[in-house]
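For the numbers below, each heavy atom of this structure counts, side chains included, while hydrogens, waters and symmetry mates do not.
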Amino acid sequence: MSEEWDVAIAKQQRWAQFATLAIYAFIVSSAIFILLSLAIMALGIEGSEDLLELYGIAAIVVSAVFFLLSVPTVGAWIYRAQANLQLATEYRLDISPGWAVGWFFVPFANLVKPYEAMKQLWSNTAGSADPDAGSPLGRWWGCFLVGGITENIGARMLDSIELVQTGLVITAAGSCLRAAAAWFLLEIIRKVTSSQSASAGIAETFA
């Protein structure tokens with residue numbers, strides 16, 4: 001068990017590093033995207049043709065960073081952390097490691113199930129009777145969902161000349177929320193990885 005656990009922890013730590021780098025890249029690119037939005041709003045549409053072009057490029061970069069880096073690396077970390085939890089406990093998890101990731105891609109269920117999977121991980125790793133108390137879980141998931149909806153609404157408004165300014169405001173607000181969600185996710189990754197990596201008191205950590 002000890003050797004298997006050491007190998008599992010090493011894999012998780014490696015994916016935690018990859019996920020952390022990808023999330024930081026997403027936060028930085030989101031900040032640039034938000035600053036461009038503010039600049040365009042300040043200058044007006046007619047006086048910011050070059051900025052509008054950069055805005056479009058930034059939007060693509062943010063999407064590329066999130067989907068090409070954050071999604072697979074964070075997904076791999078979630079799977080590894082849930083698999084470690086399953087390895088360290090004697091009971092079957094309500095949500096398997098595979099479904100902890102898979103639920104993100106199931107329409108409608110992805111509004112609730114990923115949060116439940118992360119709550120399962122946080123509760124059993126931190127050993128907290130109330131995983132919502134003082135944890136970043138609710139803030140992470142709330143910002144993630146509301147930010148995504150807000151960004152989507154703002155992006156649709158950008159197609160109309162009359163609504164561009166309003167669309168920029170709403171899109172920037174959504175980007176702020178998604179960046180905040182990424183920050184809270186970093187806290188979750190650090191806490192869970194640290195708890196699972198502690199070689200002393202493993203039984204207490206996963207009690």
Side-chain angles (χ1 to χ4, degrees), residues 12-81 101 103-105 107 110-111 114-115 118 135-194:
Q12 185 206 21
Q13 290 175 334
R14 185 162 55 250
W15 281 115
Q17 292 173 346
F18 292 151
T20 297
L21 290 174
I23 291 171
Y24 274 125
F26 173 71
I27 291 174
V28 170
S29 59
S30 294
I32 296 173
F33 182 70
I34 293 166
L35 290 174
L36 283 172
S37 300
L38 296 175
I40 294 171
M41 284 185 280
L43 294 174
I45 302 301
E46 294 182 357
S48 55
E49 288 82 0
D50 292 339
L51 285 178
L52 281 170
E53 184 176 350
L54 287 174
Y55 181 88
I57 295 174
I60 295 174
V61 170
V62 171
S63 298
V65 168
F66 185 76
F67 285 102
L68 299 181
L69 294 177
S70 299
V71 169
T73 54
V74 171
W77 176 84
I78 291 174
Y79 177 87
R80 190 66 263 165
V101 178
W103 282 124
F104 278 95
F105 305 98
N110 59 10
L111 298 176
Y115 173 79
M118 195 69 82
S135 81
L137 292 178
R139 297 189 293 274
W140 160 65
W141 195 240
C143 288
F144 180 78
L145 289 182
V146 177
I149 293 171
T150 304
E151 277 188 334
N152 194 358
I153 293 174
R156 291 176 183 275
M157 296 177 72
L158 294 177
D159 292 334
S160 172
I161 297 297
E162 295 79 9
L163 298 175
V164 167
Q165 288 284 5
T166 303
L168 286 170
V169 173
I170 294 176
T171 303
S175 297
C176 286
L177 288 171
R178 291 297 286 268
W183 184 261
F184 293 132
L185 180 57
L186 283 175
E187 185 179 348
I188 294 171
I189 290 175
R190 283 194 296 264
K191 174 64 176 179
V192 171
T193 302
S194 176

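Contact record, P136 with I188: CG-CG1, 3.5 Å, taken as the closest heavy-atom pair. In plain terms, the two heavy atoms of A81 and V192 that are nearest each other are CB-CG1, 4.2 Å. Pairing each heavy atom of I34 with each of C176, the nearest pair is CD1-SG, 3.5 Å. When all heavy atoms are compared, the tightest approach of Q165 to I40 is NE2-O, 4.3 Å. Across Y115 and G138, no two heavy atoms sit closer than the pair CE1-N, 4.1 Å.
Under the side chain to side chain donor-acceptor pair (under 3.5 Å) criterion, S30 pairs with no residue at all, not counting sequence neighbours. Residues passing the side chain to side chain donor-acceptor pair (under 3.5 Å) test with S37, sequence neighbours excluded: none. Applying the side-chain contact (heavy atoms from CB on, under 4.5 Å) criterion to F104, with sequence neighbours excluded, gives I78, P114, W140, W141. For S194, the side-chain contact (heavy atoms from CB on, under 4.5 Å) criterion is met by no residue, not counting sequence neighbours. V71 pairs by the side-chain contact (heavy atoms from CB on, under 4.5 Å) definition with F66, F67, F105, not counting sequence neighbours.
Counting heavy atoms from C-beta on, the side chains of L186 and I27 come closer than 4.5 Å. With contacts defined as side-chain heavy-atom distances shorter than 4.5 Å, the pair W77/R80 does not qualify.
No more than 12 heavy atoms of other residues, nucleotides or ligands shown are found within 6.0 angstrom of CH2 on W183. The environment of CZ in F184 is crowded: more than 12 heavy-atom neighbours from other residues, nucleotides or ligands sit within 6.0 Å. For R190, the CZ atom counts as densely surrounded, since its 6.0 Å shell holds more than 12 non-hydrogen atoms of other residues, nucleotides or ligands.
Atom CD of Q12 is separated from atom CD1 of I189 by 9.5 Å, given to the nearest 0.5 angstrom. How far CH2 of W103 is from CG of L111: 12.0 Å, rounded to the nearest 0.5 Å. Remark: L168 CG to M41 CE distance equals 6.0 Å, nearest 0.5 Å.
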Could you list the donor-acceptor pairs under 3.5 angstrom formed between side-chain atoms of residues 17-24 and any protein atom two or more places apart in sequence or on another chain?
| unit_1 | atom_1 | unit_2 | atom_2 | d |
| --- | --- | --- | --- | --- |
| T20 | OG1 | A16 | O | 2.7 |

For this session: Show your working on side-chain contact (heavy atoms from CB on, under 4.5 Å) between M118 and L185 and close with a plain yes or no.
Result: CA-CA 10 Å; M118 195 69 82; L185 180 57; 4.2 Å; yes
For this session: List the steps, then state whether side chain to side chain donor-acceptor pair (under 3.5 Å) holds for E151 with S175.
Result: CA-CA 6 Å; E151 277 188 334; S175 297; 2.9 Å; yes
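In this structure a side-chain-to-backbone donor-acceptor pair under 3.5 Å is present from T73 to S70.
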